[in-house]
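Data first, discussion second: the structure below is written as structure tokens.
Residue numbers count from 1 along this sequence.
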Amino acid sequence: MRLRIFTEPQQGADYDTLLKVAKATEDLGFDAFYRSDHYLAMGDGDGLPGPTDAWVTLAGLARETSRIRLGTLMTAGTFRLPGPLAIQVAQVDAMSGGRVDFGLGSGWFEDEHTAYGIPFPKEKFGRLEEQLAIITGLWETPAGEKFTYEGTYYQLKDSPALPKPHQDHIPVLVGGFGAKRTPRLAARYADEFNLPFGSLADTEQQFGRVRAAVEEHGRAASDLVYSNALVACVGKDDAEVTRRAAAIGRDAGELRENGLAGTPAEVVDKIGKYGELGATRIYLQILDLSDLDHLSLIADQVQSQLS
């Protein structure tokens, strides 16, 4: 089981804050630093000092880290055209020496589209499927050949399909709760399937659907990595758990039920239950980015106990 750090900068974090968290992620031995792709704070927070762009951030971190993998949960398919996005991600991959993972979702938060003048199309899933076909197609086209695509939403003609990523293959993440179309999309394009903020029962059901879809597509179910994203709130004792929960505006009891909250022993035990269902990566949603002691505790007393 590998632990990855997952941040939500739209809630209020500038680049320097994210850099500190990313460097702590690397220094403490975590596997990867991920961030959301949002332009508007959610809930009661003001989001100050304002949003940061996901791929601009990752480009900076690509040059200021050396080991950890870098990615998004998930890049919003509504924010960028697939051709330019393929260029951006390939460039960040090159800037990092081949450490990028690419998570792509359909986009869902209508208010942020309205706030920043971004079209919010009714049919998002069909666009997502075409985006995955285009982006992976551009990357996989041999150098010197052209890429053409004629879809319902996007058309490309005689693209030189450049630049190429540093990696021979950028790992692609697909995720979500959809019962039919999401598993089929994962089966066709994904290297990893991620279930965000799902219970153990949700995880068992959705992982089962994805495995079945992968096998129906002619791949082995074990070809994919299966992962969960869960909010983390760990304390050395109950008082510290309660304090950390309050700092992010949550109830400790609710977090114990719906996330990875409690003492290190409690959290290790719950992670083990996700592992029994097939998860081999956990993305720890860290909401208080000023509390680097939280990351140290997780590294020392949770990650160290996971094989």
Side-chain angles (χ1 to χ4, degrees), residues 1-39 41 45 47-75 88-103 165-167 170-171 173 192 194 227-236 240 243-244 247-248 259-260 264 267 271 281-306:
M1 180 70 72
R2 300 296 300 171
L3 299 184
R4 295 182 157 192
I5 300 303
F6 168 42
T7 62
E8 301 275 6
Q10 76 279 354
Q11 298 304 105
D14 60 14
Y15 176 77
D16 287 341
T17 298
L18 294 172
L19 176 59
K20 289 176 184 177
V21 176
K23 287 193 169 182
T25 297
E26 185 158 270
D27 293 343
L28 292 168
F30 292 105
D31 192 45
F33 174 92
Y34 270 58
R35 59 157 292 159
S36 61
D37 187 22
H38 287 294
Y39 291 137
L48 292 175
T52 52
D53 182 84
W55 286 99
V56 171
T57 298
L58 295 177
L61 297 179
R63 308 302 289 179
E64 298 194 75
T65 59
S66 61
R67 179 188 61 79
I68 51 173
R69 297 199 63 84
L70 302 166
T72 53
L73 285 179
M74 299 284 191
T75 294
Q88 289 173 316
V89 178
Q91 183 178 5
V92 176
D93 190 56
M95 292 169 71
S96 71
R99 292 184 286 122
V100 160
D101 300 332
F102 180 57
H166 182 86
Q167 297 174 87
I170 291 181
L173 284 74
E192 178 176 342
N194 179 266
S227 63
N228 293 86
L230 295 159
V231 61
C233 181
V234 187
K236 62 182 182 295
E240 191 166 83
R243 176 180 65 77
R244 286 201 163 109
I248 59 174
L260 293 174
V267 171
I271 288 174
R281 288 178 187 154
I282 300 289
Y283 294 79
L284 302 174
Q285 186 193 44
I286 303 297
L287 296 176
D288 184 357
L289 300 183
S290 67
D291 186 2
L292 298 183
D293 288 341
H294 190 201
L295 297 187
S296 295
L297 177 67
I298 295 170
D300 292 342
Q301 298 192 33
V302 177
Q303 182 173 245
S304 63
Q305 297 187 57
L306 302 172

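Exactly one of Asp291, Asp293, Asp288 qualifies for a salt bridge (Lys or Arg N to Asp or Glu O under 4.0 Å) with Arg244. That residue is Asp291.
In terms of modelled atom types and a separation under 3.5 Å, the side chain of Asp101 and the main chain of Gly71 share no donor-acceptor contact. Checked by atom type and distance alone, the side chain of Ser96 never pairs as donor or acceptor with a backbone atom of Ala59 at under 3.5 Å. The backbone N or O of Arg4 sits nowhere less than 3.5 Å from a side-chain atom of Arg281 that would complete a donor-acceptor pair. Checked by atom type and distance alone, the side chain of Glu26 pairs as donor or acceptor with a backbone atom of Ser66 at under 3.5 Å.
Using a 4.5 Å heavy-atom cutoff, the side chains of Ser290 and Thr17 are not in contact. Between Ile68 and Phe30 the shortest side-chain heavy-atom distance does not fall below 4.5 Å. Counting only heavy atoms from C-beta outward, the side chains of Gln10 and Ser36 approach each other to under 4.5 Å.
Rounding to the nearest 0.5 Å places SG of Cys233 at 9.0 Å from CD1 of Ile286. Taking CG of Leu289 as the start and CZ of Arg35 as the end, the distance is 10.5 Å to the nearest 0.5 Å. To the nearest 0.5 Å, the span separating OG on Ser304 from CG on Leu28 amounts to 11.5 Å. Rounded to the nearest 0.5 angstrom, Asp31 CG and Arg2 CZ are separated by 4.5 Å. Atoms OH and OG1, on Tyr15 and Thr52 in that order, are 10.5 Å from each other to the nearest 0.5 Å.
Side-chain atoms of Thr72 and Trp55 form no donor-acceptor pair, as typed in the model, at a separation below 3.5 Å.
Closest approach of Ile248 to Leu287, counting heavy atoms only: CG2-CB, 3.7 Å.
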